[in-house]
Amino acid sequence: QVQLVESGGGLVQAGGSLRLSCAASGLTFSTSAMGWFRQAPGKEREFVASISWSGGTTYYADSVKGRFPISRDNAKNTVYLQMNSLKPEDTAVYYCAAGATGRRTYYYDYWGQGTQVTVSS
């Protein structure tokens, strides 16, 4: 049974930072691409960032490029999203996903339950 468990969300002021973690189990993490998506109230789930199985290739949404580096530790079966210079428009539920790398939700086979990030102005 595959499980993806996100943590690290919370309430932060604009300009602050948070680091999200996603711990994976039940899959061969070291050969899985991983992604982060987010969904704000009333909006569709959108791509944030993804990382290849080796960590050698990363992709970012334009809205977070340069602010949200993605990384992974295959020894710990964990993927991270470091969120810097946060803005109120970054407020959303953040989901991690495992599968084939890409910007579309259909590339990913497994999803976590999400963690809330709220950025106050």
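Numbering of residues begins at 1 and proceeds along the displayed sequence.
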Undergrad: Same hydrophobic cluster for Val117 and Tyr95, using side-chain heavy-atom links shorter than 4.5 Å among ILVMFWY?
TA: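 Cluster IDs for Val117 and Tyr95 differ.
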Undergrad: Decide if atom CH2 of Trp111 counts as having more than 12 heavy atoms of other residues, nucleotides or ligands within a radius under 6.0 Å.
TA: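 Above 12, so yes.
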Undergrad: How long is the straight-line distance from OG1 of Thr115 back to CG of Leu81, given to the nearest 0.5 Å?
TA: 11.0 Å
Undergrad: Report whether Val93 and Tyr80 are members of the same hydrophobic cluster (ILVMFWY, side-chain heavy atoms less than 4.5 Å apart, transitive linking).
TA: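 Val93 does not cluster with Tyr80.
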Undergrad: Assigning hydrophobic clusters by single linkage (Ile, Leu, Val, Met, Phe, Trp, Tyr; side-chain heavy-atom cutoff under 4.5 Å), is Val64 placed with Phe47?
TA: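 As far as the 4.5 Å side-chain criterion goes, Phe47 and Val64 are not connected within one cluster.
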Undergrad: Could you check if a side-chain atom of Phe68 sits within less than 4.5 angstrom of a side-chain atom of Leu86, using non-hydrogen atoms only?
TA: yes
Undergrad: Once side chain to side chain donor-acceptor pair (under 3.5 Å) is applied, what residue pairs with a partner in residues 1-17 remain, sequence neighbours excluded?
TA: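 Those involving residues 1-17 are Glu6-Gln113, Ser17-Asn84.
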Undergrad: Can you tell me how far apart CZ (Arg45) and CZ (Arg38) are? Round to the nearest 0.5 Å.
TA: 13.0 Å
Undergrad: Can you pull the side chain to side chain donor-acceptor pair (under 3.5 Å) pairs that have at least one residue in residues 65-78, sequence neighbours excluded?
TA: Asp62-Lys65, Arg67-Asp90, Arg72-Asn74
Undergrad: If you take all heavy atoms of Ala92 and Ala40, which pair is closest and at what distance?
TA: CB-N, 3.8 Å
Undergrad: Identify the two heavy atoms, one from Ser30 and one from Trp53, that lie closest to each other, and give their separation to 0.1 Å.
TA: O-CE3, 3.2 Å
Undergrad: Is any side-chain heavy atom of Ile70 closer than 4.5 Å to one of Tyr60?
TA: yes
Undergrad: Considering residues at least two apart in sequence or located in another chain, which fulfil the salt bridge (Lys or Arg N to Asp or Glu O under 4.0 Å) criterion with Lys87?
TA: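 Scan of Lys87 (salt bridge (Lys or Arg N to Asp or Glu O under 4.0 Å), adjacent residues dropped) gives none.
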Undergrad: Considering all heavy atoms of both residues, which atom of Ser50 and which atom of Thr101 are nearest to each other, and what is their separation?
TA: OG-OG1, 3.2 Å
Undergrad: Which heavy atom in Val2 sits nearest to a heavy atom in Gly26, and how many Å separate them?
TA: CG2-O, 3.4 Å
Undergrad: Roughly how far, to the nearest 0.5 Å, is the CZ atom of Arg19 from the CD atom of Gln82?
TA: 7.0 Å
Undergrad: Side chains of Thr91 and Gln116: does their closest heavy-atom pair fall under 4.5 Å?
TA: yes
Undergrad: Are Val48 and Tyr107 connected in the hydrophobic side-chain network, where two residues link if heavy atoms are under 4.5 Å apart?
TA: no
Undergrad: Quick one: are Val12 and Met83 in side-chain contact, heavy atoms under 4.5 Å?
TA: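 They are not in side-chain contact.
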Undergrad: Would you say Trp36 and Ile51 are hydrophobically clustered, going by side-chain heavy atoms of ILVMFWY under 4.5 Å?
TA: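 Looking at the clustering, Ile51 is in the same group as Trp36.
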Undergrad: Would you name the heavy atoms of Ser32 and Leu27 that are closest together and state the gap between them?
TA: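 Closest approach of Ser32 to Leu27: OG-CD1, 3.4 Å.
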Undergrad: SG of Cys22 to OH of Tyr94: how many Å apart, nearest 0.5 Å?
TA: 15.0 Å
